[in-house]
Amino acid sequence: MSAVLVAGLLAGYGIAMPVGGVATHLVALTARTSLRTGACAALGVATADGLYALVAAIGGTRLTHLLAPLMTPLRWASALVLLALAARGAITAIRQYRERTGATGTGTGRTGTPVGPTRAYAALLGITLLNPATVVYFAALVLGSPATTSLTGPEQALFALAAFAASASWQLLLAGGGALLGRALTGSRGRLLTGLASSVLIAGLAGHLLASAG
């Protein structure tokens with residue numbers, strides 16, 4: 001069981017630590033909102049990683065064969081959704097900046113509907129689940145590790161929980177960094193810049209998916 005636990009922890013850190021569009025969006029979201037909201041968003045990412053780890057541990061080789069013919073349409077669908085999220089984030093950031101500074105020039109305008117913890121959790125869960133490469137990563141890891149061959153039911157659950165815990169610890173660390181960053185970006189212009197930067201990086205992730213689909 002200890003070998004399965006270690007394998008799950010390594011799998012979780014392996015998928016969580018590379019800083020891409022999702023991680024950057026998490027940091028920017030926390031900087032614009034609060035640590036509570038960022039922590040919920042971080043748990044959304046970790047939940048998706050844990051679910052994919054469980055699916056990979058249960059499915060094994062069958063998942064790779066099943067997903068192989070679907071990878072191209074999944075990448076296109078994921079890219080389109082990510083582009084829509086990037087556009088929405090940029091539009092929202094610009095609108096809120098204008099509302100805060102436009103009416104009186106004092107920066108006391110309306111800030112729009114803030115992103116709450118529940119909404120942040122659901123949004124980051126959805127964004128992470130849209131990445132089909134995650135389940136392929138876990139499936140390949142399960143197949144390639146002697147510690148995860150022929151897992152029993154309890155071992156499959158332990159592998160998924162370990163992957164979730166590892167991912168959650170890293171994502172919460174990123175959210176904490178975003179909260180510290182937010183203290184330096186409390187002004188209207190700082191919030192605008194973080195919102196636009198997040199949208200650009202999410203759009204970049206979508207572009208990478210489109211390139212790999214082609």
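For reference, positions follow the sequence shown, starting with 1.
The shortest heavy-atom contact between A120 and L29 is CB-CD2, 4.0 Å. V27 approaches L174 most closely through the heavy-atom pair CG2-O, 3.6 Å. Of all non-hydrogen atoms in I127 and H25, the two that sit nearest each other are CD1-CD2, 4.1 Å. Here the closest heavy-atom approach between residue A41 and residue L26 is recorded as CB-CD1, 3.6 Å. Residue G38 comes nearest to T30 through the heavy atom pair CA-OG1, 3.2 Å, listed as atom of the first residue, atom of the second, then distance. Closest non-hydrogen pair, A175 versus A39, comes out as CB-N, 4.1 Å.
With rounding to the nearest 0.5 angstrom, the CG atom of L10 is 9.5 Å from the CG atom of L5. Distance check, rounded to the nearest 0.5 Å: CD of Q171 to CG of L43 gives 9.5 Å. Note: L129 CG to L124 CG = 10.5 Å, rounded to the nearest 0.5 Å.
Residues satisfying the side chain to side chain donor-acceptor pair (under 3.5 Å) test with T118, not counting sequence neighbours, are none. Judged as a side chain to side chain contact (heavy atoms under 4.5 Å, CB included), and not counting sequence neighbours, the contacts of A166 are L9, Y13. By the side chain to side chain contact (heavy atoms under 4.5 Å, CB included) test, T47 is found to be paired with L51, Y121, L125, F164, residues two or more places apart in sequence or in another chain being considered.
Put simply, the side chain of S167 never gets that close to the backbone of A163: no donor and acceptor are under 3.5 Å apart.
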